[in-house]
Amino acid sequence: MREMLQVTGALQGAGLGGSVALVTDGRFSGATHGFMIGHVAPEAAVGGPIAALRNGDVVHIDVKKRRLDVELTAAQIRKRLKSARVPRPRYRSGVMAKYARSVSSASLGAVTG
């Protein structure tokens with residue numbers, strides 16, 4: 001999971017903290033503040049639904065109901081996910097490659113097995 005502090009800091013620094021929410025499958029440090037939703041799982045890299053989102057899509061966030069909804073039809077989401085490509089692994093050998101192959105989803109604790 002990528003650390004999102006650089007992105008959240010940029011949003012805050014640009015004065016967008018009160019008007020822009022960040023929805024990501026990345027992780028946050030204790031320094032993050034603002035309306036940020038992280039650890040969305042399953043992750044985009046493994047075909048999770050966040051991979052269907054594009055710039056300009058309208059996402060409705062209901063904190064009380066713990067829901068994220070997007071103004072796309074189920075068919076549009078399926079089509080986008082079908083064309084999504086899993087990124088090539090950054091590390092192909094060594095300890096980081098071994099870790100990447102064995103770590104579980106954030107929704108399962110991001111533990112190795």
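Atoms considered below: every heavy atom in the structure, side chains included; atoms not considered: hydrogens, waters and symmetry mates.
- In this structure, the side chains of Val46 and Val86 stay at 4.5 Å or more apart for every pair of heavy atoms.
- Within 6.0 Å of the CZ atom in Arg92, the count of heavy atoms belonging to other residues, nucleotides or ligands exceeds 12.
- One N or O on the side chain of Gln76 and one on the backbone of Thr73 form a donor-acceptor pair closer than 3.5 Å.
- For Gly47 against Leu81, the heavy-atom pair with the smallest separation is O-CD2, 3.9 Å.
- The minimum heavy-atom distance linking Pro42 with Ile50 is given by the pair O-CG2, 4.5 Å.
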Let me have the donor-acceptor pairs involving side chains of residues 105-113, under 3.5 Å, with sequence neighbours excluded, atom names and distances please.
{"unit_1": "Ser105", "atom_1": "OG", "unit_2": "Glu43", "atom_2": "OE1", "d": "3.1"}
{"unit_1": "Ser105", "atom_1": "OG", "unit_2": "Glu43", "atom_2": "OE2", "d": "3.3"}
{"unit_1": "Ser105", "atom_1": "OG", "unit_2": "Ser107", "atom_2": "N", "d": "3.2"}
{"unit_1": "Ser105", "atom_1": "OG", "unit_2": "Ser107", "atom_2": "OG", "d": "3.0"}

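- Taking hydrophobic clusters as Ile, Leu, Val, Met, Phe, Trp and Tyr residues chained together by side-chain heavy-atom distances below 4.5 Å, Leu72 shares a cluster with Val23.
- Residue Arg90 qualifies as open at atom CZ: its count of foreign heavy atoms under 6.0 Å is 12 or below.
- Met4 contributes atom CE, which lies 9.5 Å from atom CE of Met36 (distance to the nearest 0.5 angstrom).
- With sequence neighbours left out, the salt bridge (charged side-chain N to carboxylate O under 4.0 Å, His left out) criterion links Arg78 to no other residue.
- Scanning all heavy atoms of the two residues, the minimum distance from Ile77 to Ala52 falls at CG2-CB, 4.0 Å.
- By the 4.5 Å heavy-atom criterion applied to side chains, Arg27 and His39 are counted as neighbours.
- Atoms CD and CG, on Gln12 and Leu5 in that order, are 10.5 Å from each other to the nearest 0.5 Å.
- Residues Val20 and Leu22 share a single hydrophobic cluster, defined by chaining ILVMFWY side chains whose heavy atoms lie under 4.5 Å apart.
- With sequence neighbours excluded, no residue satisfies side chain to side chain contact (heavy atoms under 4.5 Å, CB included) with Lys82.
- The side-chain heavy atoms of Phe28 and Thr8, taken from C-beta on, include a pair separated by under 4.5 Å.
- Distance CG/Leu11 to OG1/Thr32: 10.5 Å, rounded to 0.5 Å.
- Within the 4.5 Å cutoff, the side chain of Phe35 has heavy atoms near those of the Ile61 side chain.
- You'll find the side chain of Val70 stays beyond 4.5 Å of the side chain of Val58, heavy atoms only.
- Considering only heavy atoms from C-beta on, Arg80 comes within 4.5 Å of Asp57 through its side chain.
- When side chains are defined from C-beta on, Val59 does not count as touching Asp69, because their heavy atoms never get closer than 4.5 Å.
- In plain terms, the two heavy atoms of Asp25 and Ala45 that are nearest each other are OD2-N, 4.3 Å.
- Residues Thr24 and Ile37 are not in side-chain contact: their nearest non-hydrogen atoms beyond the backbone lie 4.5 Å or more apart.
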